[in-house]
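Take a look at the structure set out below.
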Amino acid sequence: MTVLAVGTRRVPLRAAVRGAMAVVVLIAVAATFFDTASREAVNPFNFFGFFTMQSNIAAAVVLLLAAVLQLQGADEPRWLAPVRAAVTTDMVVVGVVYNLLLAGLPGGAELPWANWVLHVAFPVYAIVDWAVTRDRRPLPYRVIRLILVHPLVWILVVLVRGATDGWVPYPFLDPATGYPSVALYVVGIAVSIAGFGALVILISRSSGSVSGLAARIRRTRG
């Protein structure tokens with residue numbers, strides 16, 4: 001195991017990187033909040049209502065927990081791997097949806113560096129961390145049900161708010177565009193999340209690395 005020497009203590013490199021990345025993400029969220037508050041009144045329900053904010057915070061906390069457990073030499077609880085799979089899938093969705101549908105549109109994180117951390121750097125790191133590390137156990141595909149919980153609850157809350165107080169975090173979920181259009185996006189999001197979740201689970205069922213996943217895919221094609 002690769003370690004870093006910090007004073008007289010040797011810190012596992014994986015735990016150090018995870019902890020550092022989690023702290024950077026939480027700083028980016030806080031910086032975005034205070035930057036927004038410096039220009040306008042901030043409604044916390046709106047600010048933290050964005051899927052990006054919820055997913056980044058959840059993924060950062062989960063990775064920070066994994067880092068702390070590793071530093072303590074403690075075994076991970078069995079629920080942690082499925083939860084990591086869920087937050088990793090959320091981060092994949094954040095990266096894909098933002099860069100394909102939302103990049104360049106007004107709103108979101110106004111600080112360029114924070115926007116890059118939340119929408120590009122951390123989504124990439126999350127999937128790389130999941131793919132190349134070996135401290136996760138193979139997961140059954142029924143974990144997709146857990147993976148879908150947060151996105152579907154979030155969509156439900158957004159639809160209720162859009163129909164009542166009119167607030168929506170993303171333009172493609174605005175009822176003003178017509179409910180058929182919104183319904184198509186909701187179905188597309190749910191299917192995409194299930195697909196990304198299946199990929200995340202497939203990676204966990206490989207021999208522990210990207211090379212193992214590639215070998216598994218080659219065997220399937222053969």
Side-chain angles (χ1 to χ4, degrees), residues 13-15 17-22 24-26 29 50-70 75-102 117-156 170 185-221:
L13 178 60
R14 182 170 57 214
V17 173
R18 282 176 173 170
M21 194 67 194
V24 169
V25 170
L26 295 176
V29 172
F50 283 87
F51 190 79
T52 291
M53 293 302 175
Q54 295 180 12
S55 298
N56 272 271
I57 293 171
V61 170
V62 169
L63 281 182
L64 192 58
L65 174 60
V68 169
L69 290 173
Q70 187 175 10
D75 294 331
E76 288 191 354
R78 287 190 62 81
W79 55 262
L80 187 57
V83 171
R84 281 183 58 203
V87 297
T88 299
T89 303
D90 286 351
M91 292 311 303
V92 173
V93 172
V94 167
V96 171
V97 171
Y98 175 80
N99 289 285
L100 290 184
L101 298 177
L102 300 175
V117 167
L118 299 176
H119 292 111
V120 180
F122 196 37
V124 170
Y125 173 78
I127 190 64
V128 170
D129 178 86
W130 181 260
V132 304
T133 59
R134 298 169 183 261
D135 61 337
R136 48 168 167 69
R137 59 185 175 84
L139 298 174
Y141 283 100
R142 64 175 179 272
V143 170
I144 290 178
R145 292 178 295 184
L146 172 64
I147 290 173
L148 286 169
V149 169
H150 170 235
L152 293 181
V153 170
W154 175 82
I155 288 174
L156 177 61
Y170 305 109
Y185 274 110
V186 168
V187 172
I189 291 171
V191 171
S192 297
I193 291 171
F196 289 133
L199 177 60
V200 167
I201 292 172
L202 175 62
I203 293 173
S204 79
R205 297 168 69 88
S206 71
S207 60
S209 64
V210 174
S211 60
L213 174 62
R216 185 183 179 91
I217 294 176
R218 286 196 298 270
R219 289 196 299 269
T220 302
R221 289 180 176 178

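- Scanning both residues, Leu152 and Ala190, for their nearest heavy atoms gives CD2-CB, 4.3 Å.
- Taking both residues in full, the closest heavy atoms of Pro151 and Leu148 are given as CD-O, 3.4 Å, listed atom of the first, atom of the second, then distance.
- The two residues Gly197 and Ile144 come nearest to each other via the heavy atoms C-CG1, 4.4 Å.
- The main-chain N or O of Ile147 is never found under 3.5 Å from a side-chain atom of Thr89 such that the two would form a donor-acceptor pair.
- In terms of heavy-atom proximity, Pro140 sits nearest to Ile201 at O-CD1, 3.7 Å.
- Within the structure, every pair that satisfies the salt bridge (Lys or Arg N to Asp or Glu O under 4.0 Å) test and touches residues 77-86, not counting sequence neighbours, is listed here: Arg84-Asp129, Arg84-Asp135.
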Can you give the donor-acceptor pairs under 3.5 Å from side chains of residues 52-69 to other protein atoms, not counting sequence neighbours?
{"unit_1": "Thr52", "atom_1": "OG1", "unit_2": "His119", "atom_2": "NE2", "d": "3.2"}
{"unit_1": "Thr52", "atom_1": "OG1", "unit_2": "Tyr170", "atom_2": "OH", "d": "3.4"}
{"unit_1": "Gln54", "atom_1": "OE1", "unit_2": "His150", "atom_2": "NE2", "d": "2.8"}
{"unit_1": "Gln54", "atom_1": "NE2", "unit_2": "Phe48", "atom_2": "O", "d": "3.0"}
{"unit_1": "Ser55", "atom_1": "OG", "unit_2": "Phe51", "atom_2": "O", "d": "2.9"}
{"unit_1": "Asn56", "atom_1": "ND2", "unit_2": "Thr52", "atom_2": "O", "d": "2.8"}
{"unit_1": "Asn56", "atom_1": "ND2", "unit_2": "Leu118", "atom_2": "O", "d": "3.2"}

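- Between the side chain of Arg136 and the main chain of Ala131, a donor-acceptor pair closer than 3.5 Å is present.
- Asp90 places none of its side-chain heavy atoms less than 4.5 Å from the side chain of Phe196.
- The side-chain hydrogen bond (donor to acceptor under 3.5 Å, both in side chains) contacts involving residues 192-201 comprise nothing, where partners must be two or more places apart or lie in separate chains.
- Contact check for Ile203 versus Ile127: side-chain heavy atoms found under the 4.5 Å cut-off.
- Residues Leu139 and Ser204 come closest through the heavy atom pair N-OG, 3.1 Å.
- For the pair Trp130 (side chain) and Thr88 (backbone), a donor-acceptor distance under 3.5 Å is absent.
- Heavy atoms of other residues, nucleotides or ligands lying less than 6.0 angstrom from CZ of Arg145 number 12 at most.
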(message) Apply side-chain contact (heavy atoms from CB on, under 4.5 Å) to residues Val17 and Tyr125 and explain how you reach the verdict.
(response) CA-CA 10 Å; Val17 173; Tyr125 173 78; 3.6 Å; yes
